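This chain uses plain numbering: 1 for the first residue, then up along the sequence. Only a predicted model underlies this, so the values are computations on that prediction, with no experimental measurement involved. When a ligand or atom number is given, it counts from 1 through the structure's own listing order.
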Amino acid sequence: MLQELRIINPATEEQVAVVPVTTPAEVDEAVRRAAAAQQKWAALPPGDRARLLRRFAEVVRDNVPALARLELTEAGHPLGNAEWEANNVVDLLHYAAGGVERLTGRQIPVAGGLDITVQEPLGVVAVIAPWNFPMPIAAWGTAPALAAGNAVLLKPAETTPLTALRLAEYALEAGLPENLFQVLPGEGAVTGNALVEHPGVAKVVFTGSTATGRHIAARCAAQTKRLTLELGGKSPNIVFADADIERAAAAAPGSFLDNTGQDCCARSRILVQRSVHDRFMELLEPAVRSFVAGDPADPATQMGPLISAAQRERVRSYVPEDAPAAIRGEAPKGKGFWYPATVLEGRPDDRTAVEEIFGPVAVVIPFDDEADAIRLANATDYGLSGSIWTRDVGRALRVSGAVAAGNLSVNSHSSVRYWTPFGGYKQSGLGRELGPDALAAFTETKNIFISTEES
Ligand code: NAD
């Protein structure tokens with residue numbers, strides 16, 4: 001077991017911080033403190049909870065530049081992206097705060113009495129976050145869980161605990177009760193596992209790889225513990241011949257290069273109708289080559305390094321930098337975990353076409369007709385996101401209906417809005433986060449029948 005986490009700037013390979021890990025005994029203590037804080041939090045009038053969460057949002061807003069700098073330092077994200085991520089936390093907290101007073105039950109018609117449902121908080125919720133979007137994904141679970149009256153124990157990824165720790169400081173500064181929101185850095189197999197197995201944790205919200213998600217699901221099943229899983233993806237970007245090809249090609253690089261491809265929604269399988277394949281590739285090449293990789297602090301930079309040496313080895317195990325490629329961009333040389341934008345021409349059953357690489361690599365596969373496109377789009381174990389480019393609205397709706405994925409966009413590659421539901425089909429996950437039902441996912445529904453019969 002590690003004694004501490006050494007945090008490395010992935011753009012420079014310099015050590016920027018050393019963070020102590022949370023031992024299983026400390027997890028146990030944290031759960032007990034969180035349970036006590038949760039009781040008081042849930043007893044507060046809803047309006048007071050909402051006000052405190054709004055204040056938390058405003059403290060985060062005041063510190064967006066500082067949070068963005070931290071994200072740049074520990075995750076290598078370009079500054080503009082990191083600012084967007086910090087602002088996303090502000091929006092999530094405000095959105096969740098707005099839900100506190102709207103978290104209502106129902107009255108259901110019955111004979112001989114009154115039947116009502118009540119939404120009760122679960123208690124202590126564990127949020128286990130990945131390193132690819134450390135701030136937003138931590139907030140996806142934390143904000144609605146707190147708003148619904150729960151306490152949250154957040155376990156950030158080993159490589160990116162700094163923004164999470166800072167958020168916990170801001171929560172206290174905003175006046176949230178002590179121990180209500182605690183951040184517990186540490187290794188997944190030790191600190192994360194202690195949280196998952198702790199009987200005092202009522203729900204686990206896990207975002208990460210499908211393999212770890214399955215392992216956690218099995219541990220939770222042993223205690224019938226509530227669970228949300230946001231897992232991997234291998235999303236298709238389907239370009240029909242009737243689409244605005246210029247627009248589709250201009251959008252494609254961002255859809256698999258943003259966040260250096262370390263994005264569960266990355267459109268890393270580009271399916272192009274055969275009749276426009278060559279034209280699409282002609283347009284894609286300059287668009288990929290002009291996607292600027294470099295110093296994350298430079299405002300012109302669109303793509304930073306990969307998170308770690310290990311992640312770069314993983315990407316290389318799929319495609320070494322000197323392997324033949326249809327398109328290859330430039331990446332800085334020297335220090336930093338750099339990897340160039342890469343486009344392969346592939347076949348549907350290539351390993352690179354079906355497995356999640358989690359790097360700036362896309363595979364282009366031609367298709368013949370609509371049925372062929374749908375078949376290829378569904379030919380992976382994943383089902384998280386996808387894009388459909390067409391001018392035919394009937395086709396857009398038919399294909400959206402036929403592709404097994406939780407988040408599809410037509411003539412766009414955006415997937416995530418905090419006010420719309422997000423989650424995966426198949427091996428991409430279980431349950432939904434965000435959107436109008438986000439708070440309800442952190443409650444139990446209790447049904448109460450009150451007899452009106454005279455005794
Ligand atoms: P990972 O599964 O290795 O780790 C995720 C988190 O789980 C980390 O905090 C880690 O410490 C913890 N963990 C690991 N083993 C654990 C265990 N046994 N018990 C408890 N916790 C444990 O994933 P990663 O490499 O950090 O993230 C990349 C993956 O996340 C990719 O597959 C990506 O697609 C996925 N992801 C999914 C979404 C989504 O919303 N669907 C969003 C972002 C990332």
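Each of Thr191, Ile128, Val201 was scored for a side chain to side chain contact (heavy atoms under 4.5 Å, CB included) with Val196, with one residue passing: Ile128.
For atom 6 (C) of ligand 1, the closest heavy atom belonging to the protein is Ala129 O, 3.4 Å. At the shortest separation from atom 35 (C) of ligand 1 among protein heavy atoms lies Gly208 O, 3.1 Å. Ranking protein heavy atoms by distance to atom 7 (O) of ligand 1, first place goes to Phe206 CE1, 3.1 Å. Atom 15 (N) of ligand 1 has Thr212 CG2, 3.3 Å as its closest protein atom, hydrogens excluded (heavy atom only). The shortest contact between atom 10 (C) of ligand 1 and any protein heavy atom is with Glu158 OE1, 3.6 Å. With hydrogens left out, the protein atom closest to atom 25 (O) of ligand 1 is Trp131 NE1, 3.0 Å, a heavy atom. What sits closest to atom 13 (N) of ligand 1 on the protein, heavy atoms only, is Gly188 CA, 3.3 Å. In terms of protein heavy atoms, atom 27 (O) of ligand 1 is closest to Pro130 CB, 3.4 Å.
Within ligand 1, counting atoms from 1 as listed, the ones closer than 4.0 Å to a heavy atom of Pro156 are 9 (O). Per-residue contacts place Ile137 under 4.0 angstrom from the following atoms of ligand 1 (heavy atoms of the residue considered): 42 (C), 43 (C). Proximity to Leu384 (heavy-atom distance under 4.0 Å) selects the following atoms of ligand 1: 41 (N). Remark: ligand 1 atoms within the under-4.0 Å shell around heavy atoms of Ile128 are 6 (C), 7 (O), 9 (O), 12 (C), 20 (C), 21 (N). Applying the 4.0 Å criterion to heavy atoms of Glu356 picks out, from ligand 1, the atoms 31 (C), 32 (O), 33 (C), 34 (O). Within the listing of ligand 1, atoms 18 (N) sit less than 4.0 angstrom from a heavy atom of His215. Atoms of ligand 1 found under 4.0 Å from any heavy atom of Asn132 (numbered from 1 in listed order, with element): 43 (C), 44 (C). Near Asn193, meaning under 4.0 Å from any of its heavy atoms, are these atoms of ligand 1: 19 (N), 20 (C).
Taking a 6.0 Å sphere around CZ of Arg351, one finds it holds more than 12 heavy atoms contributed by other residues, nucleotides or ligands.
Within the structure, ligand 1 lacks Phe133 among the residues with a heavy atom less than 4.0 angstrom away.
Between Phe422 and Trp140, the angle of the ring planes goes over 60°, which puts this pair in the perpendicular group of the 30/60° scheme.
Of the heavy atoms in Leu195, none comes closer than 4.0 Å to ligand 1.
Salt bridge present: Glu197 and Arg219 bring a charged side-chain N and a carboxylate O closer than 4.0 Å. With salt bridges taken as basic N to acidic carboxylate O contacts below 4.0 Å, none links Glu58 and Arg55.
Considering both main-chain and side-chain atoms, Lys155 comes within under 3.5 Å of ligand 1 through a nitrogen or oxygen pair. Of the polar atoms of Trp140, none of the N or O atoms is found under 3.5 Å from an N or O of ligand 1, judged by distance alone.
A side-chain donor-acceptor contact under 3.5 Å links Thr443 and Gln119. A donor-acceptor pair shorter than 3.5 Å can be found between the side chains of His77 and Asn259. Side chain to side chain, Arg69 and Thr163 fail the donor-acceptor criterion of an N or O pair below 3.5 Å.
Relative to atom 36 (N) of ligand 1, the option among Gly423, Ala266, Ala194, Cys264 with the closest non-hydrogen atom is Cys264. Considering only non-hydrogen atoms, atom 5 (C) of ligand 1 lies nearest to Thr207 out of Thr191, Leu231, Thr207.
Under the 6.0 Å distance and 45° angle rule, Arg314 does not count as a cation-pi partner of Phe358. Remark: Lys203 qualifies as a cation-pi partner of Phe442 under the 6.0 Å distance and 45° angle criteria applied to the six-membered ring.
Of all heavy-atom pairs between Val288 and Ala341, the closest is CG1-CB, 3.8 Å. For the pair Gly423 and Asn407, the tightest heavy-atom approach, listed with the atom from each and the gap, is O-OD1, 3.0 Å.
Ring-centre distance between Phe181 and Tyr170: not below the 6.0 Å cut-off.
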